[in-house]
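Have a look at the structure below, then the notes.
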Amino acid sequence: SPTSAGVEIEHLTQNVLKSYRETCQLRAEDLQLRRWDTFSREEVCAYQRKPMEEMWQRCAGRITEAIQYVVEFAKRLRGFMDLCQNDQIVLLKAGAMEVVLVRMCRAFNADNRTVFFEGKYAGAELFRSLGCHELISSIFDFAQSLCALHFSESEVALFSALVLVNANRPWLQDQAKVARLQGHLDVAFRVLLRRTRREGLLARLPPPGRLRALCSQHVEQLQAFRRLHPGVLHAAFPPLYRELFA
Amino acid sequence: KHRILHKLLQNGNS
């Protein structure tokens with residue numbers, strides 16, 4: 001009946017919001033309070049002087065931490081752990097980095113184009129020694145475009161659940177089951193937007209191809225780094241990062 | 001092949 005369907009959707013929404021709150025890594029209020037706490041000129045120079053390998057290793061470490069929170073988010077999402085393990089892994093392998101990029105908009109100050117990194121807000125120039133200017137610019141542009149949508153925490157929660165539970169990912173075993181969960185999350189997202197009079201958001205969401213392109217750009221840059229510094233990846237990068245991207 | 005993801009998924013919520 002429409003009523004019990006409505007109750008089900010409401011339960012799902014509450015579950016997604018709770019899962020997100022418990023795994024969001026940094027509280028929005030804290031990020032907001034610190035948004036003008038930027039690295040000093042000297043600190044930026046110190047980062048820029050770091051060897052490329054060290055800076056890659058640090059960034060891989062921060063990405064891996066963020067991904068661990070995304071895995072916890074997935075595990076708490078109602079229905080996710082009912083999927084077969086192959087499909088859980090397929091969805092996380094394809095979607096974890098995309099969710100990290102979506103979550104990053106909370107830690108981005110669009111007024112001065114800085115992102116929260118290792119304790120303070122950093123501009124794109126801080127990442128110079130990585131040697132991937134284009135990738136960093138694309139990520140900053142993406143964060144800037146998401147910030148323009150003025151996502152609420154509930155919207156980030158539901159949108160990131162939908163980025164993760166995507167029945168179009170290749171190699172799924174039980175696509176229908178993933179599609180069903182995706183369908184329920186999609187309804188929950190739409191109900192939330194209707195209730196908050198934010199339906200206009202749907203037309204402004206980034207197309208899936210944009211997130212996919214950013215993730216491939218990251219993997220391409222990692223391959224280029226690997227050619228330049230063979231061995232470093234295996235010796236010094238977090239195993240989870242290697243498993244997902246190498 | 002995805003040893004660590006497997007392990008993370010199998011661990012209880014922590």
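Keep in mind the model is a prediction, meaning the values are calculated, not measured. Keep in mind that the numbers below use all heavy atoms, side chains included, and drop hydrogens, waters and symmetry copies. Each chain gets a letter, A, B and so on, in the order the sequences are listed, and its residues count up from 1.
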inquiry  = Could you tell me if the side chain of A:M81 sits less than 4.5 Å from the side chain of B:L9, heavy atoms only?
reply    =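 Of all side-chain heavy-atom pairs linking A:M81 with B:L9, at least one is under 4.5 Å.
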
query = Looking at A:L244, A:I89, A:V71, A:L92, which makes the most heavy-atom pairs under 4.5 Å with chain B?
reply =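 Most pairs with chain B among the choices: A:I89.
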
Using a cut-off of 6.0 Å, state whether more than 12 heavy atoms not belonging to [X] lie near its atom [atom1].
X: A:R58; atom1: CZ; value: yes
X: A:E134; atom1: CD; value: no
X: A:F237; atom1: CZ; value: yes
X: A:R62; atom1: CZ; value: yes
X: A:H11; atom1: NE2; value: no

Contact origin within A:I67 toward chain B - heavy atom pairs under 4.5 Å =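 Contact with chain B is absent: no heavy atom of A:I67 under 4.5 Å.
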
task = Select one option (side chain, backbone, both, neither) describing which atoms of B:K7 are under 4.5 Å from chain A's heavy atoms.
result =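 For B:K7, there is no contact with chain A at all, as no heavy atom is under 4.5 Å.
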
task = Provide the closest heavy-atom pair for A:K75 versus B:L8 in the form atom of the first, atom of the second, distance.
result =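 Heavy atoms of A:K75 and B:L8 come nearest at NZ-O, 2.6 Å.
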
inquiry  = If you apply the rule side chain to side chain contact (heavy atoms under 4.5 Å, CB included), what do you find for A:E243 with B:K1, and how did you get there?
reply    = CA-CA 8 Å; A:E243 192 170 284; B:K1 194 172 158 211; over 6 Å; no

